[in-house]
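Below: one structure, written as C-alpha cells.
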2 protein chains.
Amino acid sequence: MDVVRGFNRTVTQRVGALDDKFLARDRPLAQSRLLWEIGPAGAEVAALRNRLDLDAGYLSRLLRTLEAAGLVVVTPAEGDGRVRMARLTEAGRAEWAHLDRRSDELAWSMLAPLSVGQRDRLTTAMNEVQRLLMASMVTVEVCPPTDPRARACLRAYAGELAERFESGFTLDTDDDQQFVPPAGVFLVATLASEAVGCGSVRFEPDGPAEIKRLWVSGSVRGLGVGRRLLTELERHAAAAGADCVRLDSNRALTEAIRLYRSAGYEEIPRYNTSPYPDHWFAKQLHRAPGV
Amino acid sequence: MDVVRGFNRTVTQRVGALDDKFLARDRPLAQSRLLWEIGPAGAEVAALRNRLDLDAGYLSRLLRTLEAAGLVVVTPAEGDGRVRMARLTEAGRAEWAHLDRRSDELAWSMLAPLSVGQRDRLTTAMNEVQRLLMASMVTVEVCPPTDPRARACLRAYAGELAERFESGFTLDTDDDQQFVPPAGVFLVATLASEAVGCGSVRFEPDGPAEIKRLWVSGSVRGLGVGRRLLTELERHAAAAGADCVRLDSNRALTEAIRLYRSAGYEEIPRYNTSPYPDHWFAKQLHRAPGV
DNA sequence: AGGAATAGCTGACTAAAGTCAGACAACATG
DNA sequence: CATGTTGTCTGACTTTAGTCAGCTATTCCT
C-alpha cells in the first residue's frame with residue numbers, strides 16, 4: 001500500500017505537473033485541454049463532455065472561444081441534427097501538432113537524464129504499470145441485455161465468432177429474458193465508459209446453470225477481464241442456488257478454453273444440440289453466501 | 001517514447017484525477033493540499049511555499065483561512081523570530097487523518113480489482129517506475145562551493161566520512177577558491193530543490209585534474225547520481241584541457257571504489273600525502289569538445 | 001547603533017473555472 | 001401532429017486561484 005502511495009505522490013508530482021505545463025501556451029488550460037482532446041480527427045460535443053467531464057454550458061462556451069480564435073469549427077453531425085461535431089481548422093491542427101511535439105518533449109525529458117539501461121528498465125516498468133492500471137480501471141456490473149452497451153458487446157461477439165468459425169455464426173437473439181433476473185444475469189465490463197467485455201448466465205431450476213456469451217474485447221485481452229467475468233458469473237450462479245455451471249465452446253476459441261481449464265472446468269460429454277460447439281465443460285460450485 | 005506517453009495518459013487519468021478528488025472535501029483544493037502538506041509534524045511556512053510552489057501572499061492568505069477555520073495555528077519559530085511555523089490543531093489533525101484514510105482508500109481502489117498475482121506485479125513495477133522517475137528528477141548543475149546547498153552537502157559528506165573512517169575525519173575547509181572557475185568546478189545534484197549530492201574537480205595547469213568530495217545522499221543512493229556527477233566532472237576536466245583525472249579514496253568507501261572501477265579508473269600509486277586515503281585512481285580522458 | 005537583508009503579511013486586483021436555470025431546435029413516439 | 005425527450009446554447013452568476021506592490025517585524029552585518 002505504501003508503494004502505491006509513494007508511486008502516486010512521485011508520479012503526480014512529476015507527470016501531473018509537467019503534463020499541465022505542456023498544455024500551457026498563452027491560452028487558458030481548459031481551452032488547450034479541449035483543443036488537445038478534439039484532436040485531428042474531430043469529436044462529438046457529447047463525447048468531449050464525457051471525456052473531460054465538463055458542464056454542458058461551460059463546454060459550449062469554451063468551444064465558442066476556440067471558434068472565435070479560428071481554431072475550431074462546430075457543425076451539426078450528419079444523421080442527427082442535434083448532435084454537433086467539433087473539428088480543428090487548419091490553424092487548430094497546427095496548434096495541435098505543436099502540443100503533440102511538446103508532449104513528445106515532455107516524454108523525452110523523463111528519459112533524457114537516465115542511462116540507457118535505466119531507460120529500458122523505466123519503459124518496461126511503465127508498460128507494466130499502464131497495463132495493470134487499465135486492468136484495474138475495468139468495472140464489471142450487472143446490466144440488462146437490452147442496454148446499448150450490452151448490444152454493442154453482443155454485436156462484436158457475434159462478429160468475431162462469425163469470423164473465427166469455419167461454419168460462420170449467427171447469434172440467436174431469441175430470448176433475452178433468460179438473462180434478466182431472476183432467470184439469469186447479464187454482465188458488462190466497462191473501461192472508461194466503453195464496454196469491453198460481457199458474459200451471461202442462465203439459471204436452471206434444480207439443474208446446472210449455463211454460462212453463455214462470454215466475450216472480451218481485443219483491446220483489453222490479457223488483463224484478466226475474462227477471468228473476472230467468469231468468476232462473477234459463477235458467484236451469481238451460486239447465489240441463485242446452482243451447485244454446478246456448464247458451458248460449451250469451440251476448438252477455434254483456444255484462449256477461452258485455456259481460461260476454462262485453468263478456472264477448474266472439466267470437459268464433459270455433449271449436453272446440447274447447438275451446431276457450433278465441439279467442447280463442453282462443467283464445474284462444481286462451492287455454495288457461497290451473498291450475491 | 002510512445003510507452004512514456006501512454007503511461008502519462010493513463011496515469012494522469014487514473015491517479016491524477018482521483019488524487020485531486022481525495023483532497024476535495026467541501027474545502028477548496030488549495031486549502032486541502034496545504035493542510036495535507038503541513039502534516040502532523042508541522043512545517044515552516046517557507047518550506048510549504050517551496051514545496052507547493054505558491055506565491056508568498058497567496059500562501060499567507062490560505063494559512064489565515066485555515067487558521068480561521070480552527071485547523072491550523074501559525075507561531076513564530078524558535079531561534080529565528082521571522083520564520084513562522086504552521087502546526088495542525090486537534091481538529092486539523094483529525095482532518096489530516098481523514099485525508100490520510102482517503103489516500104489509503106484510493107491506493108486500495110487501484111489494487112482491489114486485481115488478482116493477487118497482478119497486485120504483486122503492479123507494486124513491483126510501481127516501485128521501479130517511482131525510483132527511476134526520482135532518478136530522472138535529479139538535476140546536476142554548477143554551483144559555487146559557498147552556496148548553502150553546497151555547504152549542506154559538504155557538511156553531510158564530512159559527517160559521513162568521520163563516521164566511517166576509523167581515524168575520524170576533518171574536512172579542511174581551506175581553499176574553496178580551487179573549486180571556482182576557472183581553477184575548478186563544484187557540482188551539486190538537486191532533487192525537488194533539495195541537495196542530494198555533490199562533487200568537485202580542481203584543474204592543474206599542464207597536469208592531471210583532481211576529483212574531490214564526491215558525495216551522494218543515502219536517500220538517492222543506487223539511482224546513478226554518483227555516476228552522473230562523476231561523468232560531468234570528467235567532462236569539465238576535459239573541457240579545461242586535462243587529459244587525465246585522478247582521485248583518492250578509502251577502503252571503507254566500498255561503493256565509491258566500485259563506481260570508480262566500473263567507470264574506467266585504474267589504481268595507481270600514492271600521489272599525495274593526505275592521511276585519509278589508502279587507494280589512488282586515475283583515468284585517461286578522451287579530449288571532448290564543449291563544456 | 002544603523003542600515004541592509006530576510007520572512008512573512010495585507011490590500012487591491014484580475015483571470016480562470018465552474019454552476020445553474022432557462023431557452024430553443026431537432027428528433028422520437030404514440 | 002401534439003407531446004415529451006435529447007443535445008446544445010446563452011446569460012447571469014459565484015468561487016477559486018493567482019498576482020503584485022507596498023508594509024512591518026526580525027535578524028544580520030559592520
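To find a chain, count down the sequence lines: A is the first, B the second, and so on, and within it residues start at 1.
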Select one nucleotide: of [options], the one nearest the side-chain heavy atoms of [X].
X	options	result
B:Arg82	D:dT8, C:dA5, C:dG8	C:dA5
B:Ser60	C:dT6, C:dT19, C:dT10	C:dT10
A:Ala56	D:dT8, D:dG18, C:dG18	D:dT8
A:Val45	D:dC9, C:dT19, D:dA17	D:dC9
B:Val74	D:dC9, D:dC28, C:dC9	C:dC9

Under 4.0 Å, heavy atoms only, any strand: does [X] hit a base, just the sugar-phosphate, or nothing?
X	value
B:Asp80	sugar-phosphate
A:Gly57	base
A:Leu59	nothing
A:Ala46	sugar-phosphate

Would you mind reading off the distance between [X] atom [atom1] and [N] atom [atom2], rounded to a whole angstrom?
X	N	atom1	atom2	answer
A:Leu66	C:dA17	CG	P	12 Å
A:Leu48	D:dG7	CG	P	14 Å
A:Leu54	D:dC9	CG	C1'	15 Å
B:Asp20	D:dA17	CG	P	10 Å
A:Leu34	C:dG18	CG	P	12 Å
A:Glu78	C:dA26	CD	C1'	16 Å
A:Leu62	C:dT19	CG	P	12 Å
A:Leu52	C:dG18	CG	C1'	14 Å

Short side-chain N/O contact from B:Arg49 to OP1 or OP2 of C:dG8, under 4.0 Å: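 Yes, such a contact exists.
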N/O (side chain, A:Arg84) to phosphate O (OP1/OP2, D:dG7) under 4.0 Å: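 False: A:Arg84 side-chain N/O out of range (4.0 Å or more) of D:dG7 OP1/OP2.
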Scan side-chain atoms only and decide if B:Arg64 and B:Ser60 contain a donor-acceptor pair under the 3.5 Å cut-off.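 Yes, a side-chain donor-acceptor pair sits under 3.5 Å.
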Compare all side-chain heavy atoms of A:Arg33 with those of A:Asp20 and state whether any distance is below 4.5 angstrom. yes
Are A:Leu187 and A:Val142 side-chain neighbours, meaning at least one heavy-atom pair lies under 4.5 Å?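 Yes, their side chains come closer than 4.5 Å.
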On DNA chain C, check which nucleotide each of A:Gln31 and A:Ala77 is closest to and give me the residue with the more 5' one.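 Nearer the 5' end of the strand: A:Gln31.
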Nearest nucleotide by nearest heavy atom, which residue falls closer to the 5' end of DNA chain C, A:Asp55 or B:Val83?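 In this pair, the answer is B:Val83.
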Is A:Arg9 paired with B:Glu37 through a side-chain N to carboxylate O contact shorter than 4.0 Å? yes
So does A:Arg61 reach the base of D:dG11 with its side chain, donor to acceptor, closer than 3.5 Å?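 Checked by distance alone, the answer is yes.
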Fit a plane to each ring of A:Trp36 and A:Trp96, take the angle between them on a 0 to 90° scale, and name the class: parallel (under 30°), tilted (30 to 60°) or perpendicular (over 60°). parallel
Dump the intermediate steps for side-chain contact (heavy atoms from CB on, under 4.5 Å) on B:Asn8 and A:Met110, then the final yes or no. CA-CA 11 Å; B:Asn8 289 355; A:Met110 298 172 70; 3.9 Å; yes
